[in-house]
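These notes concern the structure reproduced below.
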Amino acid sequence: MELKVVKASVEKGEGLGWGKSLLVPSIQEILKNDSQSVPERYIQEPKDRPLISQNLFDSLQVPVIDFSMLAQKDANEIRKLDLACKEWGFFQIINHGVREETMVNMKAAMAAFFELPFQEKSKCAKAANEIQGYGQNFVVSEKQKLDWCDMMFLKTFPHETRNFKYWPLTLPGFKEAVEEYSTEIRKVSNKIDANLSVLMGMDENGLKRKLGEFQQGIRMNYYPTCSRPDLVLGISPHSDGSLFTLLLQDDEINGLQIKHKKVWIDAKPIRNSLVVNIGDAIEILSNGMYKSIEHRAISNEKKPRMSIATFVMPGDEVQIGPLDSMVNGKHLPRSYRNIKYIDYIRQKFAMKMQGKVHTAIVKL
Ligand code: OGA
Ligand code: NI
């Protein structure tokens with residue numbers, strides 16, 4: 001069988017970017033030829049396979065934060081947010097203010113892109129030495145197991161980081177949907193950032209002052225159905241390299257799992273909510289008070305699942321390291337070294353997704 005590798009050229013004249021990734025076949029295309037196929041390269045080692053039927057921890061739920069209460073500076077809700085960040089590294093937000101229509105349009109735009117013929121999608125293919133575009137990232141070796149997922153990554157803020165070469169501009173409504181969604185999500189992320197600033201001992205503008213204008217990137221994950229979801233992973237265990245991430249997931253299909261106190265727990269979808277997780281950069285800035293938690297996605301036999309992850313990140317040239325307010329001599333000794341954000345991101349993209357290996361590198 002001919003494998004359709006996502007065709008891509010080499011990006012010229014842009015110097016060293018965030019990183020690169022080996023080119024891999026589209027799993028969605030492989031399955032168009034044979035929907036039952038589970039190619040060897042996707043079959044995880046026994047120790048890494050998900051235990052699909054395990055529902056022992058079904059009653060445990062990722063904390064839910066009512067965002068409208070945070071806006072009112074409700075002390076109880078702020079305490080809940082602090083606890084969620086400390087004990088879970090994950091929470092779901094409701095009443096976040098992003099209009100339902102904006103989220104529906106974004107999901108529809110993504111679905112329309114992944115429904116395009118392969119040749120059309122390939123016009124947005126990643127360059128071999130780039131991480132933006134259609135294809136897959138974090139593939140660093142021919143031997144590495146592959147995730148049961150195709151993705152599209154686009155930088156969205158600041159404006160000048162948008163590279164429309166990777167956007168399907170002829171797909172009606174796509175650009176408008178992404179622009180509106182990314183703008184709405186930025187409003188939510190500004191409020192999260194203000195709350196985290198206060199919880200980390202600064203005023204509301206503390207993080208902005210330290211980190212400058214944030215970057216935003218959107219990763220659209222397309223997880224096709226799989227005849228053997230017990231053998232594969234939709235996305236391998238990893239923590240995000242962002243400050244924090246806002247995930248818009250399917251309203252009905254379970255897929256996201258987070259590692260909570262050593263066990264994998266489903267982040268069960270709540271309609272119209274957003275899942276927020278702490279990324280590596282906040283773990284470092286908070287000197288480990290808030291941890292970026294390992295998470296993964298599993299696939300299923302019944303329906304393709306789509307998710308849209310928006311990463312909020314410091315500027316490339318910003319130094320990140322524990323905040324003064326989070327380091328306090330003997331009581332809170334500094335646990336991470338300083339690193340320029342782009343250097344952190346480059347080392348992240350140079351390795352496969354692999355649990356918490358990345359934060360370990362900057363740990364003292
Ligand atoms: C990610 C991610 C989870 C999901 O894109 O970083 O963790 O449920 N996605 O798709
Ligand atoms: Ni993630």
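Both backbone and side-chain heavy atoms feed into the values below; hydrogens, waters and symmetry mates do not. Counting convention: from 1, in listed order, for ligands and their atoms alike.
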Under 3.5 Å, which donor-acceptor pairs do the side chains of residues 102-113 form with other protein atoms, sequence neighbours left out?
residue: Thr102; atom: OG1; partner: Glu180; partner atom: OE2; Å: 2.7
residue: Asn105; atom: ND2; partner: Glu101; partner atom: O; Å: 3.4
residue: Lys107; atom: NZ; partner: Gln249; partner atom: O; Å: 3.3

Would you give me the side-chain donor-acceptor pairs under 3.5 Å for residues 224-236, sequence neighbours excluded?
residue: Ser227; atom: OG; partner: Gln36; partner atom: O; Å: 2.9
residue: Arg228; atom: NE; partner: Asp230; partner atom: OD1; Å: 3.0
residue: Arg228; atom: NH2; partner: Asp230; partner atom: OD2; Å: 2.8
residue: Ser236; atom: OG; partner: Asp147; partner atom: OD1; Å: 2.6

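Between Trp18 and Phe153, the two ring planes are tilted [angle within 30° to 60°].
Take a cut-off of 2.8 Å around the Ni ion (ligand 2): the protein N, O or S atoms inside it are His238 NE2, Asp240 OD1, His295 NE2.
Using a cut-off of 4.0 Å between Lys/Arg side-chain N and Asp/Glu carboxylate O, Lys80 and Asp66 are scored as not salt-bridged. For Asp150 and Lys121, the salt-bridge test fails: no basic side-chain N is under 4.0 Å from an acidic carboxylate O. Salt-bridge formation is not detected for the pair Glu130/Lys155: no Lys NZ or Arg NE/NH1/NH2 atom is positioned less than 4.0 Å from an Asp or Glu carboxylate oxygen.
Distance check, rounded to the nearest 0.5 Å: CD1 of Ile131 to NZ of Lys20 gives 13.5 Å. Taking CG of Asp240 as the start and OG1 of Thr310 as the end, the distance is 11.0 Å to the nearest 0.5 Å.
For ligand 1, the protein residues within 4.0 angstrom (heavy atoms only) are Arg219, Asn221, Tyr223, Ile235, His238, Asp240, Leu247, Leu256, His295, Arg305, Ser307, Ala309, Phe311.
The number of heavy atoms from other shown groups lying within 6.0 Å of NZ (Lys303) does not exceed 12.
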